[in-house]
Structure formats: structure tokens, C-alpha cells
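Computation of the quantities below employed the complete heavy-atom set of this structure, encompassing side-chain atoms and omitting hydrogens, waters and symmetry-equivalent molecules.
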Amino acid sequence: MYKPANIREFVTPAIFLKCKTEVINERTSKAYEKAEKPNLRGKFKLKGTSQVTANGLVVIADKTTFVTWYRKDFESGDALEIDGVRYNIIGAPEDTENRHRYSVLNLERLTGGA
């Protein structure tokens with residue numbers, strides 16, 4: 001049976017944000033709002049960073065994972081706010097062993113610079 005972490009390791013607080021898309025003047029814009037029961041606890045682990053330069057701009061992508069209790073409303077495109085920093089959920093959230101006990105979320109944070 002999969003045990004990603006001891007419960008005592010679920011110490012990182014996070015706020016779960018659902019993505020809402022709106023079409024304003026024929027442009028799609030994303031807005032995030034708190035989900036029902038938004039407070040989560042989990043295990044946060046940084047996997048690495050990558051740097052891409054395009055059109056003279058440098059974009060840095062931090063890749064992380066967040067292991068928490070299973071929720072059926074996790075979707076790709078939603079976000080988690082951890083220590084005031086928003087991380088987007090990329091890919092499908094993994095329901096380990098289809099037991100609806102733990103979820104592994106792949107997160108990404110994009111930052112830019114000059």
C-alpha cells in the first residue's frame with residue numbers, strides 16, 4: 001500500500017483556489033477564487049527549476065510536488081497558494097492506487113525577469 005508520508009509530515013499549509021474563466025470583450029481571462037473548504041495541509045517538495053529565454057525575457061519555472069489528502073475536485077489549471085505564492089496545478093492530479101486516500105499534485109510557478 002502506498003504511504004507517501006507520515007501524517008506528521010503534512011505540515012505545509014496551503015489554500016486551494018479554483019479557476020474560473022470569463023470572456024470579456026472576446027478575450028478569455030482567468031480568475032481564481034477560494035474553493036469550498038480551501039484549507040489544506042500537505043508535504044511540499046521542490047523538484048527543480050528551469051530557465052527559458054524568449055524574446056529577450058527570462059522565464060524561470062519552479063517545478064514542485066505537493067502530497068495531500070485526496071479531493072475529487074482537484075483539476076488541472078487550478079492553483080494552490082503556499083506562503084503567499086501561487087502555484088498552478090499542471091497535468092492531472094494523481095490519485096495514488098485509485099484508493100481515494102492521497103493525491104499527488106504537480107505544481108509549477110512561473111516567474112519572470114529582465
Side-chain angles (χ1 to χ4, degrees):
M1 181 158 108
Y2 179 77
K3 288 215 173 213
N6 192 343
I7 292 175
R8 285 177 257 157
E9 292 182 7
F10 282 5
V11 296
T12 305
I15 297 173
F16 179 43
L17 304 170
K18 291 294 286 179
C19 181
K20 302 289 181 188
T21 57
E22 299 179 67
V23 177
I24 301 172
N25 294 333
E26 298 180 8
R27 297 193 72 181
T28 304
S29 65
K30 289 184 180 181
Y32 293 95
E33 61 184 35
K34 289 185 180 179
E36 184 179 336
K37 298 183 182 180
N39 296 329
L40 300 173
R41 292 247 177 215
K43 182 178 179 182
F44 181 78
K45 187 172 183 182
L46 182 64
K47 290 171 75 174
T49 59
S50 61
Q51 179 177 340
V52 177
T53 304
N55 296 330
L57 295 175
V58 177
V59 177
I60 299 172
D62 293 331
K63 304 271 185 177
T64 61
T65 57
F66 191 77
V67 180
T68 188
W69 298 108
Y70 174 80
R71 285 181 64 159
K72 63 181 176 182
D73 57 345
F74 285 138
E75 293 178 352
S76 179
D78 292 341
L80 293 181
E81 188 173 306
I82 302 169
D83 283 338
V85 178
R86 181 177 296 153
Y87 292 88
N88 294 325
I89 299 174
I90 55 172
E94 182 181 345
D95 176 16
T96 54
E97 295 183 353
N98 286 330
R99 293 184 179 218
H100 305 309
R101 187 166 181 192
Y102 299 109
S103 288
V104 178
L105 307 173
N106 294 314
L107 305 177
E108 181 178 55
R109 176 178 70 132
L110 297 176
T111 58

*asked:* Applying ring-ring contact (aromatic ring centres under 6.0 Å, His included), can you list everything that pairs with F74, at least two apart in sequence or on another chain?
replied: F16
_As an exercise, state the distance from CD of E97 to OH of Y102, rounded to the nearest 0.5 Å._
10.0 Å
*asked:* Which residues pass the salt bridge (Lys or Arg N to Asp or Glu O under 4.0 Å) test with K47, not counting sequence neighbours?
replied: none
*Please identify each residue that fulfils salt bridge (Lys or Arg N to Asp or Glu O under 4.0 Å) with D62, with sequence neighbours left out.*
R109
*Would you name the heavy atoms of C19 and G77 that are closest together and state the gap between them?*
CB-O, 3.5 Å
_Closest approach of V67 to F10 (non-hydrogen atoms, all atoms of both residues)_ = O-CE1, 3.7 Å
*asked:* Measuring from atom OG1 of T68 to atom CG of L80, what distance do you get when rounded to the nearest 0.5 angstrom?
replied: 8.5 Å
*Which residues pass the salt bridge (Lys or Arg N to Asp or Glu O under 4.0 Å) test with E108, sequence neighbours left out?*
K63
_Residue pair I89 / L107, side-chain heavy-atom distance below 4.5 Å_ = yes
*Is there a side-chain contact between T65 and L105, using heavy atoms and a 4.5 Å cut-off?*
no
*Grab the two heavy atoms, one from A61 and one from L110, that are nearest each other, plus how far apart they are.*
CB-CD2, 3.7 Å
Side-chain donor/acceptor pairs under 3.5 Å, residues 23-33, sequence neighbours excluded:
from : atom 1 : to  : atom 2 : distance (Å)
Y32  : OH     : N88 : OD1    : 3.4

_According to a hydrophobic-cluster definition based on side-chain heavy atoms being under 4.5 Å apart (Ile, Leu, Val, Met, Phe, Trp, Tyr only), do V85 and F44 belong together?_
yes
*Residue pairs, two or more places apart or on separate chains, that pass side chain to side chain donor-acceptor pair (under 3.5 Å) and touch residues 70-87*: K18-D78, Y70-H100, R71-D73
